[in-house]
Amino acid sequence: MTIGFFCYKIEKMPAYNFKKIEGKWQKIWAKNKYKIWAAFDFSNKPQAKKLKSYVLDMFPYPSGEGLHVGHVEGYTASDITSRFLRMNGYNVLHPMGWDAFGLPAENYAIKTKTHPSKVVARNVKRFKQQLKSLGFSYDWQREINTTDPDYYKWTQWIFIQLFKKGLAYEAELPVNWCVSCKTVLANEEVVDGACDRCQSRVERRNLKQWVLKITAYADRLLEDLDRLDWPERVKEMQRNWIGRSEGRLISFPVDNSQYAIEVFTTKPDTIDGTTYVVLAPEHPAIPYLKAKIKNWQEVAGYIADTENKSERDRIAEAREKTGVELKGVKAVNPYNNEKISVWISDYVLIHYGTGAIMAVPRHDERDKEFATKFNLPIKDVPFVPKEKWIGEKKINYKLRDWIFSRQRYWGEPIPIIKCVKCGNIPVPEEDLPIELPKIKKYEPTGKAESPLAAIKKWVNVKCPQCKGPAKRETNTMPQWAGSNWYHLAYLLGSQKSKGKSQNYWNKKILDHWLPVDIYVGGVEHAVLHLLYARFWHKFLYDIGVVSDKEPFTKLVNQGLILGPDGQKMSKSRGNVVNPDDMVKSFGADSLRLYEMFMGPLEDPKPWDPRGIIGLHRFLNKVWNLIIDRNQMKDSRQSKIPLNLDRLIHQTIKKVTEDIQNFRFNTAISALMILVNEMEKASQLPIAKRQLLIKLLSPFAPHIAQELWQKLGGKNLLDFEEWPKWDEKMIQEEEFDLIIQVNGKFRAALRVKKEISESEAKKLALNNETIKKWLIGKEIKKVIFVPNRLINLIV
RNA sequence: GCCGAGGUGGCGGAAUGGCAGACGCAGUGGACUCAAAAUCCACCGAUCGCAAGGUCAUGAGGGUUCGACUCCCUCCCUCGGCACCA
């Protein structure tokens with residue numbers, strides 16, 4: 001019974017078959033390895049001589065969960081931009097790849113006893129299929145994968161250059177150790193004293209580590225932020241993270257001793273108010289002064305307590321000040337020769353400044369708190385004038401060097417050979433890449449080495465220098481290593497990456513494409529990836545690989561898509577929206593359109609389960625409007641459409657400018673208005689239908705392409721020209737003159753443009769509504785804004 | 001505490017000195033249908049009024065202006081970041 005019924009339904013109002021259409025065009029686009037979206041490198045082909053635009057997405061970590069609606073948001077925005085630029089005659093580079101080293105794949109491998117490379121391959125396949133199902137116009141010929149030995153060969157090569165310049169060094173340091181991941185973490189990976197990835201406890205351990213000297217670039221990383229077209233909050237986060245402050249180093253001699261305690265202060269003018277000195281418990285002066293300290297037991301106890309506290313514990317204890325006086329030790333204030341007491345306290349941090357402070361309770365809240373608790377003097381003395389300031393000028397940074405070793409399996413091996421005689425020797429370039437050996441046990445050892453240490457055959461090598469017995473470094477690089485330079489890899493990947501570096505780093509190609517013109521991604525990378533990548537890029541600039549000081553000219557952050565409950569999407573909350581389900585129910589075009597229509601791109605916004613229906617309806621409307629006008633007319637004849645030609649030109653302008661400014665929500669709304677007006681028109685010439693299709697095509701490429709073909713279009717829309725508007729056509733001959741009395745809207749009149757003040761006034765005074773408002777009143781003043789309003793003040 | 005972004009209908013949001021609420025969702029009434037779905041038409045901030053129309057309304061209070069969601073000051077709240085950084 002239902003079948004015949006169903007057929008009738010279809011015949012009467014054919015809904016557009018998105019499943020069939022999307023599959024059809026995805027197949028056509030895939031021809032010749034997605035040749036239609038290939039970017040042209042430097043060549044004699046005319047395509048390569050066009051203006052270039054490098055539109056980059058933050059490449060995904062191919063997790064087991066598959067693509068998230070948040071990915072779809074950013075990737076749709078960059079896809080619209082890329083398609084728009086192609087239609088505007090640009091040679092567009094829009095690539096995609098996989099950031100595939102790291103813990104999730106390894107943890108999964110441990111659990112299921114599958115090699116991480118297999119897990120990665122499977123996830124990549126799924127991600128790729130999902131991205132293709134959304135119609136993103138990537139240049140798939142340039143696909144990269146950070147776990148590919150041909151790729152990480154060059155990650156290792158860059159590390160060796162850093163080592164050769166003294167910017168990669170080994171040091172024993174107190175480091176953040178995640179007890180669950182069993183590895184060292186970078187400072188940037190520790191959030192609120194816990195592991196950013198697994199929220200487990202982070203301990204402090206002293207371990208020998210590879211460290212990258214990012215601090216050598218602190219000033220340049222800070223200064224060059226000013227030239228970037230990035231969201232202000234991201235720049236501000238980087239500025240805070242770098243944390244530059246100018247001050248002075250001042251020495252406080254220890255009374256009756258050769259030793260002096262050096263402090264860093266940003267307020268040298270307060271030195272006269274210094275009433276005591278505080279050292280961090282880890283300060284190197286303490287063992288040196290041990291003989292003088294009368295209460296050593298107490299001091300040693302406090303130091304031990306501090307050592308046992310994790311970062312999180314120290315934060316959890318809030319600001320309750322603790323500390324111990326070093327009895328028997330006095331420091332001399334070099335400004336006024338006063339003898340003052342010396343304390344240790346964990347409110348002074350060993351890794352900032354000199355690990356010691358001059359305490360000025362009169363001008364510093366923390367010092368005041370401490371002084372109040374321990375009954376120390378709070379002197380009230382005048383500021384020292386600038387000409388009397390003492391100490392050496394010094395600039396300090398919060399930024400610390402980047403701890404670069406991880407004690408885990410699934411990462412790039414650090415290409416260093418440790419020789420007892422020669423020390424750390426870099427692997428010779430011709431031996432790169434140092435491939436990760438396949439092993440059976442990936443479990444972290446819990447020690448300062450990775451599981452690779454157990455593979456004797458791999459570890460034991462000859463020293464490249466003295467040919468004596470030596471061992472490989474067994475630590476691997478952190479997740480961020482591969483993503484530090486992937487924006488270059490897309491340019492070079494088509495070159496054969498085997499072979500010598502001078503053949504790989506093709507300057508002509510790098511110079512042609514760099515810098516990245518538009519970079520789209522989440523704000524969560526503000527101080528991790530985006531800082532690290534800038535650091536490496538600047539280093540590559542210094543050694544002559546690239547010609548630009550900054551990698552990413554413009555950065556756009558897409559806002560977080562929240563669950564329908566307004567909360568962050570998470571499996572445990574059960575509020576996750578799966579893009580695959582949306583594609584299945586409404587099609588890729590509807591999903592793309594909805595995510596762009598939800599609100600401003602950069603804003604966080606909740607998912608409305610009904611919202612996507614509206615956009616699906618809109619596409620159906622477009623379909624029916626263009627395919628079959630006759631079925632749409634009848635009941636609407638009475639409506640008088642606006643001047644369609646004018647609206648078309650206005651819409652071209654609006655959509656063009658909105659795409660350029662990443663305001664996709666209002667662009668789509670303008671398209672809806674146009675479609676609503678076109679529906680009212682009694683006829684719609686092919687040319688106008690084609691124009692609508694073109695404007696829609698970057699947003700909803702599948703339906704646009706199908707309709708284009710149905711109207712006889714032979715080309716792919718990618719090779720069509722973006723419509724231009726005519727400024728003259730936009731101008732209206734008439735406008736609504738607003739008539740106000742005392743600044744309040746009272747009436748509006750349709751009048752000719754360029755109407756004069758006196759004419760306008762006459763019209764206003766003759767208006768019946770206005771007359772009522774003027775009864776018994778005298779006009780004191782008239783304000784006339786040409787082509788807009790007239791305001792009568794009574 | 002400091003820094004940044006915000007606060008507009010039932011909801012997402014538009015408007016950046018000139019008719020507040022575009023566009024969409026939800027809702028109400030109607031057409032079509034045996035019926036439902038789909039589609040189409042009309043309405044859709046609050047309030048007074050039979051109506052014409054009026055009044056109020058963009059977190060709160062003040063100010064500038066002929067005119068303020070928009071600019072300035074004070075305060076409140078929300079979100080994000082940083083946080084014992086000397």
Side-chain angles (χ1 to χ4, degrees), chain A residues 5 9-10 12-13 15 191-192 231-237 239-241 243-245 247 263-267 270 278 314-315 317-321 345-349 351-360 363-367 369-370 396-400 523 526-527 559-560 564 566 594 597-600 602-615 617-618 620-621 624 631-632 634-636 638-639 663 665-673 676 679 736 738-748 769 772 780-785 788-794:
Chain A
F5 216 39
K9 203 166 80 184
I10 294 292
K12 176 124 197 227
M13 183 48 71
V191 174
D192 291 335
E232 195 48 44
R233 78 184 149 151
V234 175
K235 291 207 241 183
E236 204 50 34
M237 279 164 81
R239 284 189 197 110
N240 290 341
W241 192 264
R244 178 190 151 108
S245 54
V263 305
F264 173 74
T265 179
T266 53
K267 294 179 206 125
T270 63
V278 191
R314 275 174 80 165
I315 291 163
E317 280 169 25
R319 306 263 144 80
E320 182 60 29
K321 296 281 182 290
S345 171
D346 65 4
Y347 88 91
V348 175
L349 307 173
H351 46 65
Y352 187 75
T354 62
I357 61 154
M358 56 179 227
V360 188
H363 296 294
D364 186 288
E365 277 304 310
R366 296 153 299 175
D367 296 345
E369 227 181 279
F370 190 83
N396 244 315
Y397 299 93
K398 280 196 229 174
L399 184 70
R400 285 180 259 163
V523 73
V527 286
L560 206 60
Y594 172 58
F597 187 68
M598 288 172 83
E602 327 78 58
D603 286 8
K605 40 207 172 271
W607 183 274
D608 176 0
R610 305 278 316 171
I612 190 168
I613 294 170
L615 283 300
R617 275 183 203 145
F618 169 66
N620 259 316
K621 223 187 243 188
N624 291 324
Q631 286 195 6
M632 301 295 295
D634 35 25
S635 61
R636 257 150 298 156
S638 55
K639 278 236 163 181
R663 291 201 302 245
N665 53 333
T666 48
I668 293 168
S669 136
L671 288 170
M672 288 173 167
I673 292 168
N676 289 343
E679 275 195 324
D736 289 315
I738 294 160
I739 306 171
Q740 296 181 339
V741 178
N742 282 344
K744 287 213 166 179
F745 170 82
R746 294 303 175 196
T769 320
K772 274 195 291 182
K780 284 189 190 147
K781 198 175 165 188
V782 176
I783 287 155
F784 179 71
V785 183
R788 190 152 261 171
L789 64 83
I790 183 159
N791 187 4
L792 310 171
I793 315 299
V794 296

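By convention in this document, chain letters (A, B, ...) are assigned in the order of the sequence lines, proteins followed by strands, and residues within each chain are numbered from 1.
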Item to check | Among rA22(B), rA86(B), rC84(B), the one nearest K321(A) by side-chain distance | outcome: rC84(B)

Checklist entry - Does K744(A) put a side-chain nitrogen or oxygen below 4.0 Å from OP1 or OP2 of rC56(B)? => result yes

Checklist entry - Of the nucleotides rA22(B), rC40(B), rU55(B), which has the atom closest to the I673(A) side chain? => result rA22(B)

Checklist entry - Expressed as a whole number of Å, how far does the C1' atom of rG29(B) sit from that of rC44(B)? => result 11 Å

Checklist entry - Touch check for I793(A), heavy atoms < 4.0 angstrom, all strands: base, sugar-phosphate only, or nothing? => result sugar-phosphate

Checklist entry - Is there a donor and acceptor pair, one atom on the side chain of E365(A) and one on the base of rG1(B), closer than 3.5 Å? => result no

Next on the checklist: Measuring to OP1 and OP2 of rU39(B), would you say a side-chain N or O of R617(A) lies under 4.0 angstrom away?
Outcome noted: yes

Checklist entry - So what does S245(A) touch, heavy atoms closer than 4.0 Å: a base, only the sugar-phosphate, or nothing? => result sugar-phosphate

Next on the checklist: Using a 4.0 Å heavy-atom cut-off, does N396(A) contact any base of the nucleic acid, only the sugar-phosphate backbone, or nothing at all?
Outcome noted: nothing

Item to check | Residue among V360(A), D364(A), D367(A) satisfying side-chain contact (heavy atoms from CB on, under 4.5 Å) with T270(A) | outcome: V360(A)

Checklist entry - Within the structure shown, what part of the strands sits under 4.0 Å from R244(A) by heavy-atom distance: base, sugar-phosphate, or nothing? => result nothing

Checklist entry - Contact class for E232(A) vs. all strands (heavy atom < 4.0 Å): base, sugar-phosphate, or nothing? => result nothing

Next on the checklist: Rounding to an integer number of angstrom, what distance separates rG21(B) and rA57(B) when you compare their C1' atoms?
Outcome noted: 11 Å

Next on the checklist: A cation-pi test, strictly: NZ or CZ of K321(A) under 6.0 Å from the centre of the six-membered ring of F370(A) and no more than 45 degrees from its axis. Yes or no?
Outcome noted: no

Item to check | Closest-nucleotide ordering on RNA chain B, the 5'-leading residue of L615(A) and T769(A) | outcome: L615(A)

Item to check | Any donor-acceptor pair under 3.5 Å from K744(A) side chain to N742(A) backbone | outcome: no

Between the protein and nucleotides 9-13 of chain B, which nitrogen or oxygen pairs come in under 3.5 angstrom?
| from | atom 1 | to | atom 2 | distance (Å) |
| --- | --- | --- | --- | --- |
| rG12(B) | O2' | M598(A) | O | 2.5 |

Item to check | Distance-only donor-acceptor check, side chains N676(A) and K621(A), under 3.5 Å | outcome: yes

Checklist outcome for this item: Of L789(A) and K398(A), the one whose closest nucleotide on RNA chain B sits nearer the 5' end is L789(A)

Next on the checklist: Is there, by distance only and without an angle test, a donor paired with an acceptor across the side chain of N791(A) and the base of rC66(B) below 3.5 Å?
Outcome noted: yes

Checklist entry - With a non-hydrogen cut-off below 4.0 angstrom, is K781(A) in contact with a base, only sugar-phosphate, or nothing? => result sugar-phosphate

Next on the checklist: Heavy atoms from C-beta onward define the side chain here; which of rA15(B), rG18(B), rA86(B) lies closest to that of V348(A)?
Outcome noted: rA86(B)

Next on the checklist: Applying a 4.0 Å non-hydrogen cut-off, can you work out what R239(A) is touching in the nucleic acid: base, sugar-phosphate, or nothing?
Outcome noted: nothing

